[in-house]
Amino acid sequence: METRQLICINCPMGCHLTVSMEDGKVTEVTGNTCPRGHTYGISEVTHPVRMVTTIVPVENGEIPMVSCKSAKPVDKDKIFDVIAALKNVEVQAPVRIGDILVSNVADTGVDIVATKEVSRI
Amino acid sequence: MMKNNKQLVIIGGGPAGIAAAIAAKKAGIDDLLILERDQCLGGILNQCIHNGFGLHTFGEELTGPEYAWRYIEQVNELNIPYELNSMVLDITPDKEIRYVNSEEGVKRLRAKAIILAMGCRERPAGALSLPGDRPAGIYSAGTAQKLVNIDGLMPGQEVVILGSGDIGLIMARRMTFEGAHVHTVAELMPYSGGLKRNIVQCLDDFDIPLQLSHTVTNIKGKDRVESVTIAKVDENRKPIPGTEIEYPCDTLLLSCGLIPENELSQKAGIELSRITQGPRVNELLETNVEGIFACGNVLHVHDLVDFVSQEATKAGENAAEYIRGSKPASGHEIPIETGGLVRYTVPFEIDPLRMDKKQTVRFRVANVQKGGYVNVYVDDKRLIHRKKKIMAPGEMESIVLNREWLDENSQSIRIETEAE
């Protein structure tokens with residue numbers, strides 16, 4: 001049996017969770033004081049995901065950088081692959097919020113979309 | 001110099017100023033103007049590129065620029081006038097505003113009502129009594145955030161962060177993404193000032209240690225930071241000899257609290273609270289100077305922009321009513337007394353005849369309390385006795401007062417915490 005220690009992020013209580021697993025399946029979550037902690041414990045050990053937010057340079061824009069995000073959360077262990085894949089990306093103004101800047105970034109199946117409006121100069 | 005008159009001038013085009021302007025315009029005030037010192041509307045949200053904004057307002061997690069844009073679009077649709085690159089220099093108690101921009105020079109306006117929405121500033125290095133050298137490479141976390149996210153520049157590569165405020169935590173992750181090595185975050189207090197979610201997702205995810213009850217005891221460097229020494233502190237926040245660790249680094253980020261920016265308010269003769277360092281407002285979010293209202297971080301520092309927008313909407317509506325003369329003059333303001341761990345409340349006082357039917361009162365506590373209650377008394381009658389799992393200084397609390405609990409004969413309102 002394997003156990004993982006986590007801090008629940010759902011509220012300021014910050015409950016210290018212990019998640020027990022057997023053969024990759026969660027058998028027990030303890031330390032939580034509410035059902036949200038239980039759900040968090042399971043998802044965090046079975047399939048942790050994170051939104052990635054960063055910036056890329058924009059050419060001919062009124063500002064030098066445009067902010068962007070993964071359209072959906074990506075697997076936590078792919079974060080740095082996503083960041084690396086964006087290192088040499090440069091986009092052209094104008095950019096609208098929601099524009100896809102990179103599709104299927106780092107083969108995650110997730111697009112990178114703009115989160116800022118940038119007019120062309 | 002020619003003087004212009006406006007019914008309503010809003011100082012600041014960040015989340016508070018924009019939401020206030022939209023509310024006032026929707027309430028029928030057409031003769032209004034937003035003055036913003038930056039080159040675009042949106043304020044600090046423009047550099048907060050991470051997500052987590054707007055869950056309460058829109059039911060989804062937006063990034064800062066996206067949240068701002070939802071409001072900026074309304075400003076444009078409603079044709080609300082604004083002037084950018086315009087720095088307000090003075091406000092007088094009779095509501096004359098002097099401001100400057102590089103195209104038109106110094107301009108003056110007289111307003112019937114003013115909404116203060118200037119936001120806050122980070123506590124700077126000079127206010128922290130840092131020991132050691134004074135080399136380059138010491139930045140407030142928000143300055144670093146602007147450099148990285150707006151200008152695309154890296155302030156340094158080897159980083160130590162003092163203070164565990166949310167901006168510092170967010171920047172720990174952000175600098176890591178951009179290739180920097182964040183050695184540690186040191187927090188003077190025995191608890192973090194930041195959200196749990198940020199500690200997990202910005203520090204734990206990247207194995208960046210958070211050292212509670214630690215502070216900077218030395219900074220070395222002639223031209224540029226060369227090392228920062230961190231030591232553990234005792235219960236009196238004094239460094240404990242022998243616990244020092246010297247981190248070779250080129251950058252020290254400071255995330256040690258935010259302070260409402262009220263230089264202008266003071267020039268207008270507005271009374272400030274010593275606790276919030278923002279104006280002491282009544283139930284209308286009106287300051288002691290009639291017709292001058294305040295909302296957002298200039299009033300008290302918020303954790304969530306959603307609550308800034310809500311508060312600013314109220315300020316905009318109330319300013320509109322003031323301009324139309326449709327609110328009765330104040331007759332009977334009852335100061336809200338605080339007790340237990342409650343440090344302050346906003347509003348600071350309530351007139352039962354002018355308050356909202358359901359009046360929101362926001363407050364912060366001075367220390368972490370697990371279990372226990374929030375109590376509200378009117379004239380020694382307990383009207384709210386609410387169990388709280390936890391309250392913490394980093395999380396703003398709120399309660400709602402019903403108008404029917406109060407009348408012109410009410411003498412006192414008291415909001416307190418009670419330990420279990």
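Every heavy atom of this structure was used, including side-chain atoms; hydrogens, water molecules and symmetry mates were not. Per chain, numbering begins at 1; letters A, B, ... match sequence-line order.
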(message) So, taking the atom named OG1 in A/Thr115 and the one named NE2 in B/His50, what distance separates them when rounded to the nearest 0.5 Å?
(response) 11.5 Å

(message) With a 6.0 Å cut-off (strictly less than), is the heavy-atom count around CG of A/Asn88, excluding the residue itself, greater than 12?
(response) no

(request) Spell out, as yes or no, whether a donor-acceptor pair under 3.5 Å connects the side chain of B/Lys196 to the backbone of A/Cys8. (result) no

(message) Is any side-chain heavy atom of A/Lys69 closer than 4.5 Å to one of B/Glu66?
(response) yes

(request) Kindly compute the distance separating CE (A/Met65) from CD1 (B/Ile49), expressed to the nearest 0.5 Å. (result) 9.0 Å

(request) Among B/Met391, B/Gln201, B/Arg197, single out the residue with the greatest number of heavy-atom pairs under 4.5 Å to chain A. (result) B/Gln201

(request) With a 4.5 angstrom heavy-atom cut-off, could you sort out which part of B/Asn198 is near chain A: side chain, backbone, both or neither? (result) neither

(message) At a 4.5 Å cut-off on heavy atoms, which part of A/Ile97 comes close to chain B: side chain, backbone, both, or neither?
(response) side chain

(request) Side chain from CB out, backbone as N, CA, C, O: work out which of these in B/Phe206 comes under 4.5 Å of a heavy atom of chain A, or both, or neither. (result) side chain

(message) Less than 4.5 Å apart, side chain to side chain, heavy atoms only: is that true for B/Lys389 and A/Cys34?
(response) yes

(message) Does A/Lys87 have more than 12 heavy atoms from other residues, nucleotides or ligands lying within 6.0 Å of its NZ?
(response) yes

(request) To the nearest 0.5 angstrom, please state how far the CD1 atom of A/Ile9 sits from the CD1 atom of B/Ile199. (result) 11.0 Å

(message) Within the supplied structure, the quantity of interest is the number of heavy atoms (other residues, nucleotides, ligands) at a distance under 6.0 Å from A/Lys76 NZ; does it exceed 12?
(response) yes

(message) If I take atom OG from residue A/Ser70 and atom CG from residue B/Asn51, how far apart are they, to the nearest 0.5 angstrom?
(response) 7.5 Å

(request) Please flag which part of A/Ile55 lies under 4.5 Å from any non-hydrogen atom of chain B: side chain, backbone, both or neither. (result) both

(request) Write down the atom of B/Phe177, the atom of A/Ile83, and the distance for their closest heavy-atom approach. (result) O-CG2, 3.3 Å

(message) So, taking the atom named CG in B/Asn149 and the one named OG1 in A/Thr54, what distance separates them when rounded to the nearest 0.5 Å?
(response) 7.5 Å

(message) Would you say that B/Asn46 contacts A/Lys116 through its side chain, given a criterion of any heavy-atom pair below 4.5 Å between the two side chains?
(response) yes

(message) What's the separation between atom CG in B/Asp204 and atom CG in A/Leu6, rounded to the nearest 0.5 Å?
(response) 9.5 Å

(message) To check you understand the geometry: which heavy-atom pair defines the closest contact between A/Arg50 and B/Asp205, and what is its length?
(response) NE-OD2, 2.6 Å

(request) Measure A/Ile79 against the heavy atoms of chain B and call it side chain, backbone, both or neither at under 4.5 Å. (result) side chain

(request) Using a cut-off of under 4.5 Å on heavy-atom pairs, state which of B/Gly179, B/Pro65, B/Gly394, B/Gly42 scores highest against chain A. (result) B/Pro65

